[in-house]
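If you read the sequence from its start, that first residue is 1, and numbering goes on from there.
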Amino acid sequence: MQRNLHLGYGYTALAYFGITSLWVIFLQQRGLSLVQIGLCESIFHLTSLLSEVPSGMLADRFGYKAILIGGRVVAIVHALIMLMATNFWWFAFGFVLQAWAYNLQSGTIEALLYDSLAENHATERFPVVTKNMNMVIESATPVGVLLAGGFVHGHLSVTYLLYMVSAIVAIVCIIGLREPLRDQATAITGTQSLSAILRAAGKCLRQLPELRQLMVFHAAFSALGMTYYYDFQAVMTAKGFSGPLISGILIATAILNVGGVQLTPWLQQRWALVQLLRGLTACLPVC
């Protein structure tokens, strides 16, 4: 169990290493307009939306390790396309692959670690494990941004090479993981199961208006924040900001974000989450 936890943290750091966070500037350097860059971002999110549930079903059928390895392989192909693409359509396909890489890891490593804890009757530790994973993510992302700032003026291609290296090391971490035992009778397969999942999700959303409202608010707020975050990269380069300055500004925002989460709102959010999970638990027999 401890080996799985340590390797899981290592994989998380490598998977969320923010070395390619300055991709807007990279695409501008490759000749794409802001409209085309916005379309690439939209393609990423649309693909991710459509692929999230099917990717979870693949993990149930083929196992966690196979899906995690597949996700990192797709990430490597994404990086190769970003380095070699010469027109918008190739870049757009690269973002489809990036979305699939994200979907294949989204929730999969968490599920693997939870099942590892369950095997050892230690599921009460999962909130601490989740907190540690979030801390790893919040640390790995700004470190990658800081390194990327040194390559911002004409050398951002190097960041995708480093991204591929991190993906290869992540695969090594996955290979070292021990696949926890699961009840194969509960595996979810087939298109009928997909429709059943969607119906159950819709029923839960109808019965939990608080969850529905939080999801709508989060989506709207995140869309505004992400638009500003990525478009501001273009503004900074247009104003002639240096690479270290761009990295410093982005890291400062990440530090402020982490600091805000660690204070009183952190407790309020966690309490709201507890209440939400209670409502979901009550809804499960109905769904």
Side-chain angles (χ1 to χ4, degrees), residues 4-27 29 40-41 44-45 48 55 64-65 67-83 91 94-110 112-113 129-153 155-177 222 225-226 229-230 233 243-244 246-258 261:
N4 270 13
L5 290 178
H6 293 153
L7 288 173
Y9 295 149
Y11 166 82
T12 301
L14 293 164
Y16 289 93
F17 185 45
I19 191 66
T20 60
S21 296
L22 303 182
W23 60 268
V24 172
I25 300 174
F26 173 77
L27 291 181
Q29 293 175 353
C40 287
E41 176 75 1
F44 169 84
H45 289 294
S48 180
S55 65
Y64 299 133
K65 290 179 61 173
I67 295 305
L68 289 172
I69 291 174
R72 292 302 86 200
V73 171
V74 173
I76 292 171
V77 177
H78 155 73
L80 288 173
I81 289 178
M82 294 292 284
L83 290 173
F91 283 115
F95 275 82
V96 170
L97 294 178
Q98 185 186 32
W100 285 343
Y102 169 78
N103 287 134
L104 291 173
Q105 77 181 24
S106 174
T108 306
I109 186 64
E110 292 87 349
L112 187 150
L113 296 184
V129 172
T130 303
K131 182 193 73 173
N132 292 340
M133 293 181 70
N134 287 332
M135 291 178 62
V136 169
I137 293 171
E138 295 292 348
S139 301
T141 301
V143 167
V145 175
L146 178 62
L147 292 176
F151 302 104
V152 72
H153 293 298
H155 302 287
L156 281 176
S157 297
V158 177
T159 63
Y160 283 92
L161 295 175
L162 295 175
Y163 179 75
M164 285 190 286
V165 172
S166 68
I168 293 170
V169 178
I171 291 175
V172 175
C173 289
I174 299 166
I175 293 173
L177 288 167
S222 297
M226 292 290 285
Y229 179 82
Y230 288 120
Q233 293 183 24
I246 293 174
S247 293
I249 291 173
L250 296 179
I251 290 172
T253 60
I255 293 173
L256 290 173
N257 179 57
V258 174
V261 172

Novice: Give the ring-plane orientation class for Phe26 versus Phe91, where under 30° counts as parallel, over 60° as perpendicular and anything between as tilted.
Specialist: perpendicular
Novice: Can you see which heavy atom on Thr159 is nearest to which on Thr20, and at what distance?
Specialist: O-CG2, 3.9 Å
Novice: Apply the test side chain to side chain contact (heavy atoms under 4.5 Å, CB included) to residues Ile174 and Ile109: give CA-CA distance (whole Å), side-chain angles for both, the deciding distance (0.1 Å), then the verdict.
Specialist: CA-CA 9 Å; Ile174 299 166; Ile109 186 64; over 6 Å; no
Novice: With sequence neighbours left out, write down each residue that passes side chain to side chain contact (heavy atoms under 4.5 Å, CB included) with Val172, or none if nothing qualifies.
Specialist: none
Novice: Take Arg72 and Leu68, measure what side chain to side chain contact (heavy atoms under 4.5 Å, CB included) needs, and give me the verdict at the end.
Specialist: CA-CA 6 Å; Arg72 292 302 86 200; Leu68 289 172; over 6 Å; no
Novice: For Ser157 and Leu83, work out which heavy atoms get closest and say how close.
Specialist: O-CD2, 3.5 Å
Novice: Applying side-chain hydrogen bond (donor to acceptor under 3.5 Å, both in side chains), can you list everything that pairs with Ser106, at least two apart in sequence or on another chain?
Specialist: Glu52
Novice: To the nearest 0.5 Å, what is the distance between CD1 (Ile76) and CD1 (Ile168)?
Specialist: 4.5 Å
Novice: Which heavy atom in Phe95 sits nearest to a heavy atom in Phe44, and how many Å separate them?
Specialist: O-CD1, 3.7 Å
Novice: Just to verify, what does Tyr163 make a side-chain hydrogen bond (donor to acceptor under 3.5 Å, both in side chains) with, not counting sequence neighbours?
Specialist: none
Novice: For residues Lys65 and Ile175, report the shortest heavy-atom separation together with the two atoms involved.
Specialist: NZ-O, 3.1 Å
Novice: On a heavy-atom basis, which atom in Ser21 and which in Thr141 lie closest, and how many Å separate them?
Specialist: OG-CG2, 4.5 Å
Novice: The test is side chain to side chain contact (heavy atoms under 4.5 Å, CB included); show your working for Leu147 and Leu162 and say whether it passes.
Specialist: CA-CA 10 Å; Leu147 292 176; Leu162 295 175; 5.6 Å; no
Novice: Can you list the residues that meet the side-chain hydrogen bond (donor to acceptor under 3.5 Å, both in side chains) rule with Tyr102, with sequence neighbours excluded?
Specialist: none
Novice: Passes side chain to side chain contact (heavy atoms under 4.5 Å, CB included), Tyr64 versus Leu177? Steps please.
Specialist: CA-CA 10 Å; Tyr64 299 133; Leu177 288 167; over 6 Å; no
Novice: Kindly write out the residues that satisfy side-chain hydrogen bond (donor to acceptor under 3.5 Å, both in side chains) with Ser48, not counting sequence neighbours, or none if the list is empty.
Specialist: Asn103
Novice: How many angstroms lie between OH in Tyr160 and CG in Leu80, if you round to the nearest 0.5 Å?
Specialist: 12.0 Å
Novice: Between Val136 and Tyr9, which heavy-atom pair has the shortest distance, and what is it?
Specialist: CG1-O, 3.7 Å
Novice: Between CG of Leu161 and OG of Ser166, what distance do you get to the nearest 0.5 Å?
Specialist: 11.0 Å
Novice: Roughly how far apart are Gln29 CD and Leu22 CG, rounded to 0.5 Å?
Specialist: 9.5 Å
Novice: Are Leu5 and Asn132 close enough that some pair of their side-chain heavy atoms sits under 4.5 Å apart?
Specialist: no
Novice: For a quick test of your reading: what N or O donor-acceptor pairs under 3.5 Å do the side chains of residues 10-18 make, sequence neighbours left out?
Specialist:
from	atom 1	to	atom 2	distance (Å)
Tyr11	OH	Gln105	OE1	3.2
Thr12	OG1	Gly8	O	2.8
Tyr16	OH	Gln105	NE2	3.4

